[in-house]
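To keep things clear, I will list the structure first and then write my remarks on it.
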Amino acid sequence: MLKLRGILNQRLLEAMAKALPLPQAVDPLLRPATKPEFGDFQANGAMGLAKVLDSPPRQIAQAVVDHLQVDDLCCPPQVAGPGFINLTIRPEVLAAEVQGRLKQPRLGVPMAEPRQRVVVDFSSPNIAKEMHVGHLRSTIIGDCIARVLSFRGHQVLRLNHLGDWGTQFGMLIAHLKNVAPQTLAGQENLDLGDLVEFYRQAKGCFDEDEVFQERSRREVVQLQAGAPESLRAWGLLCQRSRQAFQAIYDRLDVQLLERGESFYNGALPGVVEALEQAQLLVTDDGARCVFLQGITGKDGRPLPLIVQKRDGGYNYATTDLAAIRQRLTSPEAGGEGAERVIYVTDAGQSDHFAAVFQVAQRAGWVPPGCRLQHVPFGLVQGADGKKLKTRSGATVRLRDLLDEAVERARHDLVERLAQEQRQVTGEFIESVATAVGMAAVKYADLSQNRTTNYQFSFDRMLSLQGNTAPYLLYVYVRIQGIARKGGPLETPGPAAIYLNDPQELHLARQLLHFDEVILELEKDLLPNRLCTYLFGLSQSFNRFYDQLPVLKAPTQLRSTRIALCRLTAETLGLGLDLLGIKTIDRM
RNA sequence: GGGCAUGUAGCUCAGCUGGAUAGAGCGUCAGAUUCCGGUUCUGAAAGCCGAGGGUUCGAGUCCUUCCAUGCCCGCCA
């Protein structure tokens, strides 16, 4: 409907110019109708002009309608309520739009103009730690955003800002030298078993043993100085973690380019120097920091952003600033040349990013027209409304969570197969359970407004009813069933589509909104809007399918309905794909 | 103490740049079925949109003051 909306907006502008004594053009405030009975669009502009023109809003609206020429597209416009202008697209125009969509794989979504270079920074787990639900949200949401921006034609770089550097490596290396010295000499392959358990042990030593603490600090210094043995130990730890992470990314079907904190190590001194030159740097209590504007602490004084600690070490703010420079620097100068950088992290880091962005701005590292954007999300909570934990109080491991989703999906599937007495292969059960389980986890996350906390529930996400992945997947499967039974849902010839029945019209209208939804998603980065849309589309389809025969319809109606089925499947397929969810043909 | 976010039906949540009588799912209750996969569809009950004040033709949405909850707050990331 993007195209039609643009045309109608133009016609309204023209009509207003003719009808009203206005010095300059005024926005007609064209919006999608709030209710089906109001038609497709409503123009709200008349009401705001009542005061300016000193006449009743309905009269203004009527004057605009009198000059409005839209008979080629719309039924006669109606003035309603306090002064709305309601516009209803004619069925044959809708039919032509549907026809047009059938021929294009982009389903009406235009390529972005201009195309941008975009960095999406997401997922970002820490080496030697287990991925948990916080990483899940970042990974799923970040992946969706990257997919949508790529689809729009932007050049997207998906970066995994891995926590692969920093003080925690001191204790890890120290512990490694204690328990497996031979691996460091290259004599044995590293087998640390559960890396998380290893981390816990190291942390235990660090907390209890002062001698160990001191050794850990020395290890950090050695590592940062590039001592070969330390680097080797570090490399071994990273490699182990990397394998574990990759297994998760493979299951989730998420592509990421690893670019951990260590990547920016060499650039850290340069960050401090540049800030010094920009005269932003202040030494306070031995630490080198930039005092922030408009952000004050407990005592009302400006808060500092520390970029070099008293002991000379750098911290995450320094790394983030180095990353910003790298990402915003032009490709000719060895950078990424990004015009938009998106950070998908939990909302708890909002202050941190506000501070870092401010400093980057003041240092002059953000070229005009470039945008740094923190895309925050809320906590994952359990049924009790508190941060999600296992019964024993530990963090929930991501792989356990995914396992359980698939296991529950398999259980439901097997039960249903038995009820329906269907015979299928083990392979089928496996692939459906995996697809449904992953889809459920992703969709549950994405269908929630990301800014709020999100209550995790296997029962809800795997439910076959309601706004869930299984409900949407089922609609897709149903349509594939029609195709299996009735032959391929071939494109009807020209002028073969006639929209008549209310259910047909309603479904067609819904289908045509897809382009607007995607553009909105690109702007607001709120995947739940797409989910809401796909759910509504699925409901419309089920209503349509419930009330109207497709394959058994008379010939002249059949091709229209098959076309609607096909476009529904394509829209669902593309929509789910942009969410990072795979469709299946049977379930 | 300061900052940010959230508060909408019994529960989980939508509500985009302010628009017409505040929406959906689950749950509850009552129905439908010539069924192309009923994992469906129809209907009903259910609300002081946290509270007060303001802005205007019009406020769940914007401003302001409270209240409640969550997260964050100088050398961890």
Side-chain angles (χ1 to χ4, degrees), chain A residues 27 29 31-35 37-38 42 44 47-51 56-57 80-84 86 124 126 161 163 165-168 261 284-289 295-300 303-311 313-317 319-320 345-352 354 376 378-379 381 383 385-387 412 416 420 422 447-449 451-455 457 459-460 463-468 470-471 473-475 477-482 484-486 516-517 520 523-524 526 528-529 531-532 535-536 539 542-543 545-547 549-553 561 565 586-587:
Chain A
D27 189 348
L29 298 177
R31 305 277 183 270
T34 51
K35 291 189 175 183
E37 54 265 39
F38 300 147
Q42 60 187 53
N44 302 337
M47 279 140 352
L49 294 172
K51 195 165 249 182
F84 299 100
N86 289 340
S124 309
N126 294 313
H161 195 76
W165 201 251
T167 45
Q168 78 273 19
E261 293 170 351
D284 190 78
D285 199 11
R288 314 268 274 157
C289 34
I295 305 175
T296 52
K298 291 174 193 177
D299 49 7
L303 270 179
L305 181 75
I306 295 173
V307 294
Q308 190 167 21
K309 297 186 285 184
R310 198 165 27 198
D311 65 5
Y314 304 103
N315 57 15
Y316 68 118
T319 309
D320 282 345
T345 78
D346 66 278
Q349 297 189 50
S350 299
D351 293 348
H352 166 68
L379 279 178
Q381 302 172 316
K386 294 187 177 161
K387 199 168 173 179
D412 292 350
R416 209 176 65 240
E420 295 172 12
R422 282 168 67 191
S447 61
Q448 201 98 166
N449 184 319
T451 52
T452 57
N453 291 346
Y454 146 57
Q455 200 173 93
S457 161
D459 287 331
R460 270 203 298 274
S463 169
L464 303 160
Q465 293 141 341
N467 188 6
T468 66
Y471 180 88
L473 288 175
Y474 177 62
V475 171
V477 165
R478 268 185 137 175
I479 299 174
Q480 299 315 307
I482 298 170
R484 273 195 300 276
K485 198 148 229 162
E516 290 166 305
V517 174
E520 191 185 306
K523 189 159 58 79
D524 301 337
L526 289 172
N528 67 300
R529 298 261 166 81
C531 295
T532 302
F535 177 54
Q539 284 182 309
N542 274 333
R543 235 166 265 147
Y545 190 65
D546 185 63
Q547 293 180 27
V550 174
L551 293 177
K552 292 176 185 166
R561 293 183 185 167
C565 285
R586 295 172 192 261
M587 64 192 285

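Chain letters run A, B, ... following the sequence lines, proteins first, then strands; residues in each count from 1.
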Only residue of A:Leu303, A:Leu305, A:Asp284, A:Val307 satisfying side-chain contact (heavy atoms from CB on, under 4.5 Å) with A:Cys289 is A:Asp284
Exercise for the section: For A:Asn542, report the nucleic acid contact type (base, sugar-phosphate, nothing); a contact means any heavy atom under 4.0 Å. Expected result: sugar-phosphate
In whole angstroms, the gap separating C1' of B:U40 from CD of A:Gln547 amounts to 11 Å
Practice item. Would you indicate what A:Val307 reaches in the nucleic acid, counting non-hydrogen atoms under 4.0 angstrom: base, sugar-phosphate, or nothing? Key: nothing
- Item | Atom C1', compared across B:A22 and B:C16: separation rounded to whole Å | 16 Å
Every stem of 3 or more Watson-Crick or G-U pairs under 3.5 Å that RNA chain B joins, in order of first number, is B:1-7 with B:67-73, B:10-13 with B:23-26, B:28-32 with B:40-44, B:50-54 with B:62-66
Exercise for the section: Please determine if a side-chain N or O atom of A:Tyr545 lies less than 4.0 Å away from the OP1 or OP2 oxygen of B:U39. Expected result: no
Of the candidates B:U40, B:C16, B:U39, the side chain of A:Tyr474 sits closest to B:U39
### Message
I'd like to know if the side chain of A:Asp285 reaches the main chain of A:Ala287, judged simply by a donor and an acceptor atom lying under 3.5 Å from each other, with no hydrogens or angles considered.
### Response
no
request  = Sticking with atom P, work out how far B:G23 lies from B:G47, rounded to a whole angstrom.
outcome  = 14 Å
Worksheet item: Does A:Phe84 stack onto the base of B:A20, taking stacking as ring centres under 5.5 Å apart and planes under 30° apart?
Response: yes
Between CZ of A:Arg460 and C1' of B:C11 the distance, given in whole Å, is 8 Å
Requested in this report: With heavy atoms under 4.0 Å as the rule, sort A:Gly536 into base, sugar-phosphate or nothing.
Outcome: nothing
Please classify the nucleic acid contact of A:Pro549 as base, sugar-phosphate, or nothing, using heavy-atom distances under 4.0 Å.
base
Kindly indicate, with the supporting measurements, whether the criterion side-chain hydrogen bond (donor to acceptor under 3.5 Å, both in side chains) is fulfilled by A:Asp459 and A:Ser457. CA-CA 5 Å; A:Asp459 287 331; A:Ser457 161; 5.1 Å; no
Original post:
Looking at A:Asn528, does any N or O in its side chain come under 4.0 Å of the phosphate oxygens OP1/OP2 on B:G15?
Top reply: yes
A:Asp546 CG to B:G43 P, in whole Å, measures 11 Å
Assert: residue with more 5' nearest nucleotide on RNA chain B, out of A:Tyr454 and A:Leu464, is A:Tyr454
A:Asn467 vs B:A24: side-chain N/O to OP1/OP2 distance below 4.0 Å: no
*Hey, is the side chain of A:Arg478 pairing donor to acceptor with the base of B:U39 inside 3.5 Å?*
no
Legend entry - Presence of donor-acceptor pair under 3.5 Å, side chain of A:Gln539 and base of B:A24: no
Side-chain atoms of A:Asn453 come closest, of B:G37, B:G70, B:G27, to B:G70
Separation of the C1' atoms in B:G60 and B:G7, to the nearest angstrom:
11 Å
Whole-Å distance, A:Asn44 CG to B:G19 C1', equals 5 Å
Rounded to the nearest 0.5 Å, the CZ atom of A:Arg416 sits from the CE atom of A:Met587 at a distance of 5.5 Å
Next on the checklist: Rounding to an integer number of angstrom, what distance separates B:U42 and B:U55 when you compare their C1' atoms?
Outcome noted: 44 Å
A:Leu49 atom CG is separated from B:U56 atom P, nearest whole Å, by 17 Å
How far does the C1' atom of B:C48 sit from the matching atom of B:A59, given to the nearest Å?
15 Å
note: A:Lys523, atom NZ; B:U17, atom C1'; distance rounded to Å ~ 7 Å
To the nearest angstrom, the CZ-P distance between A:Arg529 and B:A24 comes to 18 Å
Q. Between B:U28 and B:C11, how far is it from one P atom to the other, in whole Å?
A. 16 Å
If only side-chain N and O atoms of A:Lys485 are considered, is one of them under 4.0 Å from the OP1 or OP2 phosphate oxygen of B:C36?
no
Separation between the P atoms of B:G53 and B:U12, rounded to whole Å
29 Å
Taking donor-acceptor contacts at under 3.5 Å, does the side chain of A:Asn86 reach the base of B:A20?
yes
Side chain proximity check, A:Asn542 to A:Tyr471, heavy atoms < 4.5 angstrom:
yes
Distance below 4.0 Å between A:Gln448 side-chain N/O and B:C13 OP1 or OP2: yes
Is_stacked (A:Phe38, B:A20) at 5.5 Å, 30 deg: yes
Atom CZ of A:Arg543 and atom P of B:C36 are separated, to the nearest Å, by 21 Å
The contact string for nucleotides 72-77 of chain B, one letter per nucleotide 5' to 3', using protein heavy atoms under 4.0 Å with B, S and - for base, sugar-phosphate only and none, comes out as BSBBSB
- Task: Ignoring backbone atoms, test whether A:Thr452 places a side-chain nitrogen or oxygen under 4.0 Å from the OP1 or OP2 oxygen of B:A14.
- Result: yes
Identify whether any heavy atom of A:Glu520 sits under 4.0 Å from a base atom; if not, whether one sits that close to sugar-phosphate; answer base, sugar-phosphate or nothing. base
request  = Could you tell me whether A:Arg422 contacts a base, only the sugar-phosphate backbone, or nothing, with contacts defined as non-hydrogen atoms closer than 4.0 Å?
outcome  = base
On RNA chain B, more 5' by nearest nucleotide between A:Leu29 and A:Gly466 is A:Leu29
By salt bridge (charged side-chain N to carboxylate O under 4.0 Å, His left out), A:Arg586 pairs with (sequence neighbours left out) none
- Task: For nucleotides B:C49 and B:U61, find the distance between their P atoms and express it as a whole number of Å.
- Result: 10 Å
>> Does B:G37 have its OP1 or OP2 closer than 4.0 Å to a side-chain nitrogen or oxygen of A:Arg416?
In response: no
Is the shortest side-chain N/O distance from A:Lys35 to OP1 or OP2 of B:G19 below 4.0 Å? no
Quick check against the 3.5 Å criterion: does A:Glu261 have a side-chain atom that pairs as donor or acceptor with the backbone of A:Tyr316? no
(message) If you compare every side-chain N and O of A:Lys387 against the phosphate oxygens of B:G70 (OP1, OP2), does one of them come in below 4.0 Å?
(response) no
